[in-house]
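Read the structure below first, then the notes.
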Number of protein chains: 2
Amino acid sequence: MLTERQINILHLIIQIYTTTGIPVGSKTLMNDGIAASSATIRNDMMVLEKYGFIEKTHSSSGRVPSIRGYRFYVDHILKPASVSSNELAVIKQSFGKDFYAINDIVEQSAKILSDLTSYTAFSLGPEVKERKLTGFRIVPLNAHQIMAIIVTDKGNVESQVFSIPTAISSEDIEKMIRIINEKLVGEPLLTVYHKLRTEIPLILQRYFQTPSGMMDLFDMVLGKAFEDRVFVGGGMNLLDFGVLQDLHQFKSLYSIINDKETLTTLLGNKSGEISIQIGNELGNDILNNMSLITASYEVKGHGQGTIALLGPTNMSYDKMIGLIEVFRQELATHLVDYYRSLDSSQTS
Amino acid sequence: MLTERQINILHLIIQIYTTTGIPVGSKTLMNDGIAASSATIRNDMMVLEKYGFIEKTHSSSGRVPSIRGYRFYVDHILKPASVSSNELAVIKQSFGKDFYAINDIVEQSAKILSDLTSYTAFSLGPEVKERKLTGFRIVPLNAHQIMAIIVTDKGNVESQVFSIPTAISSEDIEKMIRIINEKLVGEPLLTVYHKLRTEIPLILQRYFQTPSGMMDLFDMVLGKAFEDRVFVGGGMNLLDFGVLQDLHQFKSLYSIINDKETLTTLLGNKSGEISIQIGNELGNDILNNMSLITASYEVKGHGQGTIALLGPTNMSYDKMIGLIEVFRQELATHLVDYYRSLDSSQTS
DNA sequence: TATTAGCACTCTAATGAAACGAGTGCTAAC
DNA sequence: GTTAGCACTCGTTTCATTAGAGTGCTAATA
């Protein structure tokens, strides 16, 4: 096992490397708090290297933490740094404005977090799948277009404009709306989605000759409602991570962080409240020298949301963890407040 | 004045430089079509340099076209290149799919044009300001939220969700809708905007104690409808222009092309159908080594739209002009078709 | 046995000299 | 007016040298 000094050395290497970005040598460590000679430190570093916690960039360079080193650090050494009162003020102030919709808060939170860290932040609102359908509207705009609106119980609204075949008259649409509202409103979206595939077509056939076109329409609207809404903040900060070899790499990166598909996979299904994935643990070659900190938060009764931070592997994990810890609580609080204001106005 | 050979030399310099990106020397010109010795060509180049049409990157380098040189070229020499049948096929195919809304076509056109050129493209739909308001809906979603929808005569729809103060009852909202529809529907948006500031508040005061909140709401929705919708395609292509000194510059650039404000200024008020602005003619330091080709197109009866292409100053103007010429006609045709299908279905 | 001083060795980064070559301007001849 | 020839300029590439930071190893020390 590692001695206490070896652990201290690993800790210090990470601390120094995450702030300076320069490989750390034995003398630097000696002058920066390790009470031993450079030779002794070198011996310890050899041990650490044997374990695979640190590595050299070339045969006679200082040491740099490896993925395993970071992993050991975040698992056993890291203590979240406390958040400066300054940063706290910024957070509180940024959340201080009025929001019209739930997604505004979620989107804004990604922006705040990225500004605060200079990294790239993601924000995924509380679980959509638990929501219930409280209203389904179809608004005829003209003979050729309609707008379909889905309203969920918690302030989430999706709308979409459709061109419709002239074959469907506005009377038929009225009928349609009535059916939908009778059969589907009040159900969780998941159930809605299910019924839409089983029960409803049967009923619709009584009224329409060809309900399939109408079904496609529903599919699209519901698809939109289902699609987890991921928001990205500070995508351009990628440029400053200092991990880019060439511009081509930036393009790949940028397309990754804007691909909802990839993102949802990346952010979903994390164990525990705060999870850290380092370098190749992310399972994506392009993200090899980046780390992702994912934090979920509970909004009582409304499922859980997720915020995440993507930065270089050599980020200051202690600072970031401390920050995210505060941030997610702040965000959860604001969402709870928002939901409460919604609930109270509905029951009054 | 310039001799014919001098003009040929300028033309060839531009042709070579726009394809290779390397400064052009006298020998290259001699081997590439100028029937004179390198010394003679050098003499002519000195003349061209006197006029400020070409310049050296250093005291003993080949020549590079200057802004004035490009300007002379596009004004007096340039002949639009014909579009390859391949490209034409791509254009037609890309426009072949079905579109739900007018803005889908406009947005898609920016994407197509940028893909085709590897530059950055902008697309600004036919003039919004000529549109008429054909419908204004307010859909109550729950006690706390409403969705306001604006419909214009030409398939354009804007919607926005609002949280409303509980002080306004749904009955009041109903009244509101009636008033709006009586007074405003059928009017051009400009008139709507005007009446909203003069007549309507008076009427509203009969029904509401405090109509100002409602007014803010209108302002926002109308603001959204007014905001010219500019779409950007291929923003990331900026990275490949080969004009970037550092990443900081890319950030500035990227924020410029995503700032609607700047864009509308950049694209608006062009004389003639196709306009070319080169380097500092754009009046923006950050765009100093870029050129913008702006083309407007007429959609009969529905105002004019604009497409534009931003590339490096050393782009192949002849190719691009040829392409844009075809492209804008194709786009106009498709928009006309779209409007016609809308009109015919409304009058039937 | 753990620690330390000392030293030879390795590798990177920075510096500068030299060679190369593409291109120019000028002069003199055609 | 055109051209051949030539000296000159300047950016680019190459190569060698040097300085410096850091290592691994060995032998001495507590």
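Residue numbers begin at 1 in each chain, while the letters A, B, ... track the order of the sequences.
- Ring geometry for B:Tyr51 against B:Phe53 counts as parallel: the plane angle stays under 30°, on a 0 to 90° scale with 60° as the upper cut.
- Nucleotide C:dA22 holds its C1' atom 11 Å from the CD1 atom of B:Ile22, rounded to whole Å.
- We find that CD1 of B:Ile41 is positioned 13 Å from C1' of C:dG23, with the value rounded to whole Å.
- Between B:Lys79 and B:Asp318, every side-chain heavy-atom pair lies at or beyond the 4.5 Å cut-off.
- Nearest nucleotide to the A:Thr28 side chain, out of C:dT3, C:dT24, D:dG22: D:dG22.
- Taking only distance into account, the side chain of B:Arg42 meets the base of D:dG5 through a donor-acceptor pair shorter than 3.5 Å.
- Distance from the side chain of A:Asn43 is smallest for C:dT4 among the nucleotides C:dT4, D:dG24, D:dT3.
- Regarding A:Met45, its CE atom lies at a distance of 15 Å from the P atom of C:dT3, rounded to whole Å.
- Rounded to whole angstrom, the span from the CG atom of A:Asp44 across to the P atom of D:dG24 amounts to 12 Å.
- One finds the CG atom of B:Leu244 at 5.5 Å from the CD atom of B:Gln249 (value rounded to the nearest 0.5 Å).
- Within 6.0 Å of atom NZ in B:Lys111, 12 or fewer heavy atoms from other residues, nucleotides or ligands are found, so the atom counts as exposed in its surroundings.
- A:His248 pairs by the ring pair (Phe, Tyr, Trp, His ring centres under 6.0 Å) definition with nothing, not counting sequence neighbours.
- Considering only side-chain N and O atoms, A:Arg5 lies nowhere under 4.0 angstrom from the phosphate OP1 or OP2 of C:dA2.
- One N or O donor and one acceptor, one from the side chain of A:Ser60 and one from the base of C:dT10, sit under 3.5 Å apart.
- Across the interface with DNA chain D, nearest-nucleotide mapping of A:Ser26 and B:His58 shows B:His58 to be the residue nearer the 5′ end.
- In this entry the distance linking NZ of A:Lys50 with P of D:dT23 reads 14 Å, nearest Å.
- Taking OG of A:Ser114 as the start and CG of A:Leu238 as the end, the distance is 10.5 Å to the nearest 0.5 Å.
- Minimum atom distance to the side chain of A:Ala39 is reached by C:dA5, of the listed D:dG24, C:dA5, D:dA4.
- Closest contact between the side chain of B:Ser37 and the listed nucleotides D:dA4, C:dT10, C:dT24 involves D:dA4.
- In this structure, the CE atom of A:Met30 is 14 Å from the C1' atom of C:dG6, given to the nearest Å.
- Distance, A:Met46 CE to C:dT3 P: 15 Å, rounded to whole Å.
- At a non-hydrogen distance threshold of 4.0 Å, nothing from residues 6-13 of chain A comes into contact with DNA chain C.
- With hydrogens and angles ignored, the 3.5 Å screen pairs a side-chain donor or acceptor of B:Thr20 with a backbone N or O of B:Ile22.
- At the heavy-atom level, B:Ser61 lies under 4.0 Å from the strands shown only through sugar-phosphate atoms.
- Atom CD1 of A:Ile34 and atom P of C:dT4 are 12 Å apart (whole Å).
- Using a 4.0 Å heavy-atom distance criterion, B:Lys56 is classed as a sugar-phosphate-only contact.
- Between B:Tyr119 and B:Phe241, the ring-plane angle classifies as perpendicular under the 30° and 60° cut-offs.
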